[in-house]
Amino acid sequence: MQWTLVIPLKPLARAKSRLSDTAGDGVRPGLALAFAQDTVAAALACPAVGDVAVVTDDPLAGRELAALGAHIVADEPRGGLNAALAHAAAVVRSARPDTSLAALNADLPALRPLELARVLDAAAEFPRAFLADAAAIGTTVLAARKDAELSPAFGPDSRARHRASGARELPLTAVDSVRQDVDTGEDLRAALALGVGPRTAAAAARLLIPGQ
C-alpha cells in the first residue's frame, strides 16, 4: 500500500515556542524549518510513501519543502492544526479519492524511512490507526485507509483523544525515530541521541546544548 502523508507546519515565526529554553527567537524559526526539512526528506525516502503534502502558509517553508519534492497545500481554514489537516486531506482526496492518508508531525528530525514504513504497514491493518509519541501523551502518526476518514483530533492528550475516536493504537517497538517529536530542549537532546538529519544537525551545532 502506498500512502500520502499530510504534514502540517505553522508559520515559522510562531513555531516551537516551547524551545525557548534552548533556542532564542532568532534561532527557532530556522530550527523548525530544519526539523521539517529532515522530516519531509525522510518521509519521501520511505518505501511505503507515494507522496507528501505539506499544509502551510509560510512562504519560505513552502519553497524549501517543495524543493525537496513535497506538494504544498495552503492552510485556507486557518483554524488550527486539526482544521488544517482536514482541509489538506480533503484536497488530496479530491484529486485521488482512493488514496490512504496519514498525518505526520513536522518535528521528527530523527525520522528513519524504514521505521516509518513499519508504522504504515502496521496501520494498513486497520481503518484508522495511530502511533503515540515518545512521551506517551501525544500522537506523531494518524493513519486512515482509503475507506476511512482521517478525523484528526490532535492537541492536548491526543493519544487519549484518538483512542476514544475509535482509532487503533499501534503497540510497536523499535520505531523510536517515529515517536520522537521535538517540543522542548529535552526532546531535542533525545532526538540528537537517536541521530538527526543533516539540516537539524547543522542547526543544532550552532546551539549550546548541554550533553550534546
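The figures that follow rest on heavy atoms only: side chains count, while hydrogens, waters and symmetry mates do not.
- Distance alone, capped at 3.5 Å, places no donor-acceptor pair between the R128 side chain and the L142 backbone.
- Salt bridge status for R199 with D38: present, with a side-chain N to carboxylate O gap under 4.0 Å.
- A salt bridge links D51 and R96; the closest N-O separation between the charged side-chain nitrogens and carboxylate oxygens is under 4.0 Å.
- Between the side chain of D107 and the main chain of D181, no donor-acceptor pair closer than 3.5 Å is present.
- Salt-bridge check for D183 with K16: passed, with a basic side-chain N closer than 4.0 Å to an acidic carboxylate O.
- In terms of heavy-atom proximity, P8 sits nearest to V6 at CD-O, 3.8 Å.
- Under 3.5 Å, the side chains of R93 and T99 contain no donor-acceptor pair of N or O atoms.
- Shown here for L104 and A43, the closest heavy-atom pair between the two residues is CD2-CB, 4.2 Å.
- No donor-acceptor pair under 3.5 Å is formed between the side chain of H87 and the backbone N or O of A83.
- Proximity of a side-chain donor or acceptor of N82 to a complementary backbone N or O of A86 within less than 3.5 Å is not detected.
- Proximity of a side-chain donor or acceptor of D187 to a complementary backbone N or O of V182 within less than 3.5 Å is not detected.
- Proximity of a side-chain donor or acceptor of T39 to a complementary backbone N or O of A106 within less than 3.5 Å is detected.
- The closest donor-acceptor contact from the side chain of R28 to the backbone of A13 lies at 3.5 Å or more, if one exists at all.
- The backbone N or O of A132 sits nowhere less than 3.5 Å from a side-chain atom of T139 that would complete a donor-acceptor pair.
- For the pair L9 and V55, the minimum side-chain heavy-atom distance is 4.5 Å or more.
- Between D75 and T56, every side-chain heavy-atom pair lies at or beyond the 4.5 Å cut-off.
- The side-chain heavy atoms of L114 and P47, taken from C-beta on, include a pair separated by under 4.5 Å.
- Counting only distance, with no hydrogens or angles, the side chain of H162 and the backbone of A153 share a donor-acceptor pair below 3.5 Å.
- Proximity of a side-chain donor or acceptor of T140 to a complementary backbone N or O of V178 within less than 3.5 Å is detected.
- Two residues are said to be in side-chain contact when any heavy atoms from C-beta on lie closer than 4.5 Å; C46 and R112 fail this criterion.
- Two residues are said to be in side-chain contact when any heavy atoms from C-beta on lie closer than 4.5 Å; E64 and Q37 meet this criterion.
- Put simply, the side chain of N105 reaches to within 4.5 Å of the side chain of F154, judged on heavy atoms.
- Surrounding CZ of R163 are more than 12 heavy atoms belonging to other residues, nucleotides or ligands, all under 6.0 Å away.
- In this structure, Q2 places its CD atom where more than 12 heavy-atom neighbours from other residues, nucleotides or ligands lie under 6.0 Å away.
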